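Just so we're on the same page: letters track the sequence lines, and every chain starts at 1. Keep in mind that the numbers below use all heavy atoms, side chains included, and drop hydrogens, waters and symmetry copies. Keep in mind that this is a model prediction, so the values were computed, not measured.
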Amino acid sequence: MTKKITVKKIQSIRGIHDGLPETVCQWQQVESAARTVFSRYAFNEVRLPILEPTHLFVRSIGEQTDIVAKEMYHFVDQGHDHICLRPEGTAGAVRAYLQAGLTRSGLQRWFYVGAMFRRERPQKGRLRQFQQIGAEFFGAAGPLADAEVLAMAWQLVHRLGLQHLTLEINSLGCPACRPGYREKLVLFLRQQTANLCPTCIQRIDSNPMRVLDCKVPQCQQYLQDAPEVISHLCDDCNSHWQGLQAGLTALSIPYCINPRIVRGLDYYNRTAFEIVTDQLGAQGTVLAGGRYDGLVESLGGPATPAIGFAAGVERLALLLPETMAEKAKVTMVAMGNEAVILASMRHADTLRQAGIATIHAGGGTMKRQMKIADREQTPFCLIIGEDECATGQVMCKNMRNGSQQQQTITQAMNTILQDG
RNA sequence: GUGGAUGUAGUUCAAUGGUAGAGCCCUGGCUUGUGAUGCCAGUUGUUGGGGGUUCGAAUCCCCUCGUCCACCCCA
C-alpha cells in the first residue's frame, strides 16, 4: 500500500504571473513590432540592470510620488546596500548614460524591453511585475525630436494593427513658466474649495497640477474653467509647443490636445503625451512619455535635454487578438524495432536541420502516434516502419487531405517545403 | 492601502446543512500500419488553507491566502 502524500502547492507571488506559450507569443508580437519600428528610427537596444540603488529612484522620480513612497520593492542586502527592483526604466537609462560617459558623444537613441516592479494592488492591466518597452532620446532639445519620438510611438501601435487609440498631447511648461502658472491655478482652485473632493483640496498645496486629472465627475465639472498650462507658456515653451504640433501635422500623425495630462513623476517638463484606449477599463493608458530636460543634470550630469516614453507590453497584448503558440510542421511516426526508431530519429533531425519544425511521436501504437499528430495539428506526418526502413523511404502523409505516398526523405522534405 | 465579487476534478461548471456530480480533456478498447465524427470502459478531488457552530458543513460564522473588478496610482 502506498500512502498518498499531498504536498502544499507553491503559488507565484501575488500580481506576478507566468507567461505561458500563448501569452508569450503575444508579447513577442509586441516586441518584434517595436524592434522593427525603432530600428527605422535608429534607436539601439540597451539591456539595463533590474536591481538598482534605491537612491537612484528617490532622486529621479521624487520622494513624494506613490511609486517611491509606497510601491517600490526595496531591501538591504548582505553588504548593507540599499537596493530595489526597478519600478520604471528611465532613471536607470539616465544612470547608465552618465556612467558610460556618453554626455559628450552626441545624440543617443536607446530602447529597452524588460520587467518593472511596483507593489500595487493587482487589477486589469496592472501587475506587480510587468514589462515595459521604453525609448529614450538623449541630447536633442528641439521640437523636431519630440515629433519624431511621438511618431515612433504612434508607428509602434499602428504596426500592431491597433484601432481606437488616441494620441493625446500637452505641455507642462518649464521651470521658467510653470511657477507663474501654478500660482494662477492655485488661486483658481482656492475659489473652488467648496466644490472639490477632499483629495483635490489636499493637493492644492502639495501638487496642484494633479488636481486637473481628478476623476471625480463633480470635480471635473468645476475644473472646466481652470487655467490651462498651454495658455501660460513662456515664449520658448510656446514655440516648442507649436513646433511639436507642426511636426506632427507634417508627419500626418493624428493627435488631440488634452490640457489635463499631467505627470506623476517629477522629472517631466514641456511635452507630455499618452496613447490611450477605452477598451481596458480603468487602465486605459497604453503608452506614455514626455520630455525630461532636467533629469540628467539632477542625477549629476551636465544639463542634457532628453525625451522618452514607455509602453506597457501586457496592456498592448491585451488589445491583440488571441494567438496560437508556434506549431510544428511535421510529426514523425515510427513503427517497429529499434533500428526503425533510430532511423526515425535521424530523419527527424534531418528535417530540423533543414529548418522544418518537427516533433517525434515517440513510438508505440500507430493510433496513439496519429492522435498526437492530430492534436499537435502538424500539416504533415512522416511514417516509417520496417518496410520503409529497408527501402530507405518514408511514408509522407498530408494530414489535411489524407493523401500519402512513399518518398525518399529528400523528396518528402521538398513536398513539405513546397507546402509553404 | 480601501471597497465589492469570487475560489468545488486538468478545465468549464452543478450540488439551496444530509452519500461531492456532469460536459470537455486525458488513458485504453471497438482485430493486422493511419488522426478528426461515433460507441464502450477507465483515472481524477484534504470542495484554496486554518479555526469555529452542528449529530452532520462545499453550504453558516471568523481568520488567512489567491484571483477578478473598482478606488488610488500608473505602463
Side-chain angles (χ1 to χ4, degrees), chain A residues 4-17 30 61 64-71 87-90 113-135 153 157 197-199 203 207 210 213-216 261-265 273-277 280-289 308-319 331 333-336 340 361 363-389 395-404 406:
Chain A
K4 192 170 180 181
I5 302 166
T6 39
V7 181
K8 204 173 201 174
K9 277 183 195 154
I10 298 175
Q11 285 185 309
S12 66
I13 294 166
R14 175 175 218 187
I16 300 187
H17 293 187
V30 175
I61 304 178
Q64 303 306 318
T65 59
D66 281 9
I67 292 179
V68 170
K70 46 192 186 191
E71 294 173 2
E88 60 101 38
T90 300
V113 184
M116 307 295 163
F117 303 82
R118 293 180 200 173
R119 200 182 183 290
E120 301 181 273
R121 189 90 169 245
Q123 188 181 328
K124 188 183 184 72
R126 196 171 84 179
L127 297 163
R128 289 184 173 186
Q129 176 177 336
F130 59 100
Q131 297 167 89
Q132 284 190 338
I133 294 181
V157 295
C197 72
T199 329
R203 283 188 176 145
N207 194 348
R210 300 243 43 177
D213 74 342
C214 178
K215 291 183 185 86
V216 179
I261 291 181
V262 297
R263 282 281 96 104
L265 282 46
F273 67 101
E274 295 185 0
I275 295 178
V276 299
T277 174
L280 288 181
Q283 260 59 45
T285 304
V286 127
L287 182 152
F309 65 81
V313 174
E314 287 87 349
R315 285 188 189 176
L316 286 169
L318 283 173
L319 299 174
T331 303
V333 172
M335 292 290 296
V340 176
T365 64
M366 173 69 84
K367 193 181 184 75
R368 192 191 76 86
Q369 296 186 76
M370 292 308 289
K371 273 191 170 176
I372 289 173
D374 187 50
R375 198 177 339 164
E376 298 284 343
Q377 294 175 13
T378 58
F380 288 94
C381 224
L382 293 192
I383 302 162
I384 179 165
E386 283 165 30
D387 296 349
E388 287 86 356
C389 206
M395 183 68 82
C396 178
K397 174 162 182 161
N398 183 320
M399 294 296 280
R400 287 188 290 250
N401 59 25
S403 69
Q404 62 181 32
Q406 284 218 356

### Message
Could you tell me how far B:G49 sits from B:U54 if I compare only their P atoms? Round to whole Å.
### Response
23 Å

### Query
Within the distance-only criterion (no hydrogens, no angle test), does the side chain of A:Arg128 pair as donor or acceptor with the backbone N or O of A:Ile16 below 3.5 angstrom?
no

### Message
I'd like to check the side-chain contact (heavy atoms from CB on, under 4.5 Å) partners of A:Ala282; sequence neighbours left out, ordered by chain and number.
### Response
A:Gln123

### Message
Could you tell me how far B:A14 sits from B:G45 if I compare only their C1' atoms? Round to whole Å.
### Response
15 Å

### Query
Could one point to a donor on the side chain of A:Gln404 or the base of B:U34 with an acceptor on the other under 3.5 Å away?
yes

### Query
Rounded to whole angstroms, how far apart are NZ on A:Lys70 and P on B:C72?
12 Å

### Query
How long is the span from the NZ atom in A:Lys397 to the CZ atom in A:Arg400, to the nearest 0.5 Å?
13.5 Å

### Task
Calculate the interatomic distance between A:Glu314 atom CD and B:C74 atom P; express it in whole Å.
18 Å

## Note on the structure
Sequence neighbours excluded, the answer for salt bridge (Lys or Arg N to Asp or Glu O under 4.0 Å) partners of A:Glu71 is none

### Message
With a 4.0 Å cutoff (strictly under), does any side-chain N or O of A:Arg128 reach OP1 or OP2 of B:C74?
### Response
no

### Query
What is the distance, rounded to the nearest whole Å, between atom CD of A:Glu120 and atom C1' of B:G3?
17 Å

### Query
Can you name the side chain to side chain donor-acceptor pair (under 3.5 Å) partners of A:Thr277, sequence neighbours left out?
none

Please list each protein N or O that sits under 3.5 Å from an N or O in nucleotides 68-70 of chain B, with the distance.
residue: B:C69; atom: OP2; partner: A:Lys124; partner atom: N; Å: 2.6
residue: B:A70; atom: OP1; partner: A:Ala282; partner atom: N; Å: 3.1
residue: B:A70; atom: OP2; partner: A:Gln123; partner atom: NE2; Å: 3.1

### Query
Using a cut-off of 4.0 Å on non-hydrogen atoms, how would the nucleic acid contact of A:Ile383 be classed: base, sugar-phosphate, or nothing?
base

### Task
Using a 4.0 Å heavy-atom cut-off across all strands, classify A:Gln377 as base, sugar-phosphate, or nothing.
nothing

### Any residue meeting side chain to side chain donor-acceptor pair (under 3.5 Å) with A:Ser403, in chain and number order, not counting sequence neighbours
A:Asn401

### Task
Kindly say whether A:Ile67 contributes a backbone atom to a donor-acceptor pair with the side chain of A:Arg118 at under 3.5 angstrom?
no

### Atom C1', compared across B:A41 and B:G48: separation rounded to whole Å
33 Å

### Message
Taking the nucleotide of RNA chain B with the nearest heavy atom to each, does A:Gln131 or A:Glu386 sit closer to the 5' end?
### Response
A:Glu386

### Task
List in chain and number order the residues that pass salt bridge (Lys or Arg N to Asp or Glu O under 4.0 Å) with A:Glu120, two or more places apart in sequence or in another chain; answer none if no residue qualifies.
A:Arg126

### Message
Give me the distance, rounded to whole Å, that separates B:U59 from B:U8 when you measure between the C1' atoms they each carry.
### Response
11 Å

### Task
Look at the side chain of A:Arg368 and decide which nucleotide, out of B:G28, B:C74, B:U34, has an atom nearest to it.
B:G28

### Task
Using the P atom on both, measure B:G23 against B:G38 and round to a whole Å.
13 Å

Tabulate atom names and distances for all N/O pairs under 3.5 angstrom spanning the protein and nucleotides 10-12 of chain B.
none

### Task
Using side-chain contact (heavy atoms from CB on, under 4.5 Å) as the criterion, list what pairs up with A:Met335, not counting sequence neighbours.
A:Met366, A:Gln369

### Query
Who passes side-chain contact (heavy atoms from CB on, under 4.5 Å) against A:Ala373, sequence neighbours left out?
A:Thr331, A:Thr378, A:Cys381, A:Met399

Anything under 3.5 Å between a protein N or O and an N or O of nucleotides 36-40 of chain B, put it in a table, one pair a line.
residue: B:A36; atom: O4'; partner: A:Asp374; partner atom: OD2; Å: 3.2

### Query
Is the number of heavy atoms from other residues, nucleotides or ligands within 6.0 Å of CD (A:Gln406) greater than 12?
yes

### Task
Could you tell me the separation between the CZ atom of A:Phe130 and the P atom of B:C74, rounded to a whole number of Å?
12 Å

### For atom CG of A:Asn398 and atom C1' of B:G35, their distance in whole Å
13 Å

### A:Met116 CE - B:C74 C1' separation (whole Å)
13 Å

### Query
Who passes side chain to side chain donor-acceptor pair (under 3.5 Å) against A:Glu314, sequence neighbours left out?
A:Gln131

### Inter-nucleotide C1' distance (B:U47, B:G21), Å rounded
12 Å

### Atom-pair distance (CD1 on A:Ile372; P on B:C25), nearest Å
16 Å

### Message
Without decimals, in angstroms, what is the distance between A:Gln129 CD and B:A75 P?
### Response
17 Å

### Query
Across the strands shown, which category fits A:Ala310 at heavy-atom distances under 4.0 angstrom: base, sugar-phosphate, nothing?
sugar-phosphate

### Query
How many angstroms lie between CG in A:Leu319 and CZ in A:Arg315, if you round to the nearest 0.5 Å?
10.5 Å

### Message
Say we look at B:U64 and B:G1: how far apart would their P atoms be, to the nearest angstrom?
### Response
12 Å

### Query
Which atoms form the tightest heavy-atom contact between A:Gln283 and A:Gly125, and what is the distance?
CG-O, 3.8 Å

#### Entry: Paired and unpaired positions of RNA chain B as dot-bracket, Watson-Crick or G-U wobble under 3.5 Å, | denoting a partner strand
(((((((..((((....[..)))).(((((.......))))).....(((((..]....))))))))))))....

#### Entry: Minimum heavy-atom distance between A:Ala288 and A:Arg263, given as atom pair plus value
CB-NH2, 3.9 Å

### Query
Using atom C1' of each nucleotide, how far apart are B:U11 and B:U16 to the nearest Å?
25 Å

### Message
By the definition side-chain contact (heavy atoms from CB on, under 4.5 Å), identify the one residue from A:Leu280, A:Val30, A:Ile275 that meets it with A:Leu316.
### Response
A:Val30

